[in-house]
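Lettering follows sequence order; numbering is per chain, from 1. Below, each value reflects all heavy atoms present in this structure, side chains not excepted, and no hydrogens, waters or symmetry copies.
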Amino acid sequence: MSLTVVSWNVNSIRIRLNGLARMVAALDPDVICLQETKVADPLFPLDAVRETGFEHILTNGVKGYGGVAILSKLPFTWTGTRDWCDRIDARHAAARIDAGPKLGEIEVHSLYVPAGGDIPDPDENPKFAHKLAFLDELRDWSAGLRDPERRLLLAGDFNVAPLETDVWSHKQLVRVVTHTPLEVEKLNSIRDAGEWIDTLREFVPPSEHLYTWWSYRARDWQAANRGRRLDHIWASPALAPHLAGVEVLEIARGWERPSDHVPVALTLNR
DNA sequence: ATGGTAGACACTCTA
């Protein structure tokens, strides 16, 4: 018995319904955390998503940009959302599910960290300032969740590639937003504050390059392979004994009308 | 050094 949780920045759920069905066929997940659904809640394609096999749907979306959702085969026992930096911009949704007698109740968070714009200077670039403030708030929130008993997953597009091998060239990206030392430090402090396990790196050694995002702007994303690992699934220490494996569905980047992010999956023993 | 693409939405913003 196992439980598979996927995180995927779909870059519009309405455009990606075909891709969603293909991802479900490939990974057979039980729970899916989506980011960048780009749709206000009343317009979320509930029926089309239910047809892919996910009856239980939690959405937190606004018009035009951002937006997150959690899709589940198992019923929710609790749901919630949180706003950050005093803005209502739909970057978080959380749900608890009962994963049975061995695995117990799991709390899953779908998170979309602000991208941060282009200029890596908070004085010049308010988007970067917002991203840094968001990461600071996330650290304090994360510290408050810390509990050796709780089974938590924090999944999403964190918009930070922390390791040198999480980008195609550390040297060429060290001053590029998503890989600057300031952002990496802040992400590491969030991880430490919550004692989070970076599950992808539990199974793929840090010596190996690993990416989950390739820009739309490359002529040939595969040939250039200038990727970054922006999508993460973190687990609380209580889940450590249950970690069974991960998968990065890189092939999805080559599908028709792809998202620029690919799905990442974590499987837990239950 | 620069501009390249995608999606929402209705002009230009976000990524």
J.: What's the gap between B:dA10 and B:dT14 when it is taken at their P atoms, as a whole Å value?
T.: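 Those two atoms are separated by 14 Å.
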
J.: What pairs of residues pass the salt bridge (Lys or Arg N to Asp or Glu O under 4.0 Å) test when at least one of them lies in residues 206-223 of chain A, not counting sequence neighbours?
T.: none

J.: If you pin A:Val62 and A:Pro114 to their nearest nucleotides in DNA chain B, which one's is more 5'?
T.: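 Here A:Val62 is the residue nearer the 5' end.
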
J.: Has A:Arg257 got a side-chain N or O lying under 4.0 Å from the OP1 or OP2 atom of B:dG7?
T.: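 True: A:Arg257 side-chain N/O within range (under 4.0 Å) of B:dG7 OP1/OP2.
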
J.: Please state how far atom CG in A:Asp157 lies from atom C1' in B:dG7, giving the value in whole angstrom units.
T.: 15 Å

J.: Name the residue closer to the 5' end of DNA chain B, choosing between A:Thr37 and A:Ala218 according to the nucleotide with the nearest heavy atom.
T.: A:Ala218

J.: Is the charged tip of A:Arg191 near the ring of A:Trp196: under 6.0 Å from the six-membered ring centre and within 45° of its axis?
T.: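 That pair does not qualify as a cation-pi contact.
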
J.: Give me the residues of residues 6-27 of chain A where at least one heavy atom lies under 4.0 Å from an atom of DNA chain B, by number, or none.
T.: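 Result for residues 6-27 of chain A: A:Asn11, A:Ser12, A:Arg14, A:Ile15, A:Arg16, sorted by number.
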
J.: Could you check how far CG of A:Asn159 sits from P of B:dA15, rounded to whole Å?
T.: 8 Å

J.: Which salt bridge (Lys or Arg N to Asp or Glu O under 4.0 Å) pairs, counting each pair once, include a residue from residues 115-129 of chain A, with sequence neighbours left out?
T.: none

J.: Do the charged groups of A:Arg150 and A:Glu107 touch, with an N to O distance under 4.0 Å?
T.: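 Salt bridge flag = yes for A:Glu107 with A:Arg150.
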
J.: What is the distance, to the nearest angstrom, from the CZ atom on A:Arg217 to the P atom on B:dG7?
T.: 13 Å

J.: Give me each pair satisfying ring-ring contact (aromatic ring centres under 6.0 Å, His included) with a member in residues 113-164 of chain A, each pair once, sequence neighbours excluded.
T.: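 Counting only pairs at least two positions apart or across chains, the ring-ring contact (aromatic ring centres under 6.0 Å, His included) contacts touching residues 113-164 of chain A are A:Trp84-A:Phe134, A:Trp84-A:Trp141, A:His92-A:Trp141, A:His109-A:Trp141, A:Phe158-A:His232, A:Phe158-A:Trp234.
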
J.: Quick one: ring pair (Phe, Tyr, Trp, His ring centres under 6.0 Å) partners of A:His209, sequence neighbours excluded?
T.: A:Tyr211

J.: Rounding to a whole Å, what distance do you find between A:Arg87:CZ and B:dC13:C1'?
T.: 14 Å

J.: Tell me the salt bridge (Lys or Arg N to Asp or Glu O under 4.0 Å) pairs involving residues 222-244 of chain A, sequence neighbours left out?
T.: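 Output for this query lists A:Asp166-A:Arg229, A:Asp198-A:Arg229.
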
J.: At 4.0 Å (heavy atoms only), tell me whether A:Arg91 reaches a base, stays on the sugar-phosphate, or touches nothing.
T.: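 Here A:Arg91 touches the backbone only, sparing every base.
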
J.: Ignoring the backbone of A:Lys127, work out which of B:dA10, B:dA6, B:dA15 is nearest its side chain.
T.: B:dA15

J.: For a quick check of understanding: with a heavy-atom distance under 4.0 Å over all strands, which category does A:Arg219 fall into, base, sugar-phosphate or nothing?
T.: nothing

J.: In whole Å, what separates the C1' atom of B:dA15 from that of B:dG4?
T.: 14 Å

J.: Between P on B:dT5 and CH2 on A:Trp213, what's the gap in Å once rounded to a whole number?
T.: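 Value for this atom pair: 14 Å.
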
J.: Rounded to whole angstroms, how far apart are CZ on A:Arg253 and P on B:dT5?
T.: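 The distance from CZ of A:Arg253 to P of B:dT5 comes to 13 Å, rounded to the nearest Å.
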
J.: For A:Leu43 and B:dG7, give me the distance from atom CG to atom P, rounded to whole Å.
T.: 18 Å

J.: If only side-chain N and O atoms of A:Lys38 are considered, is one of them under 4.0 Å from the OP1 or OP2 phosphate oxygen of B:dC13?
T.: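 A:Lys38 to B:dC13 OP1/OP2: no side-chain N or O under 4.0 Å.
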
J.: What is the distance, rounded to the nearest whole Å, between atom NZ of A:Lys63 and atom C1' of B:dT14?
T.: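 It is 15 Å, rounded to the nearest whole Å.
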
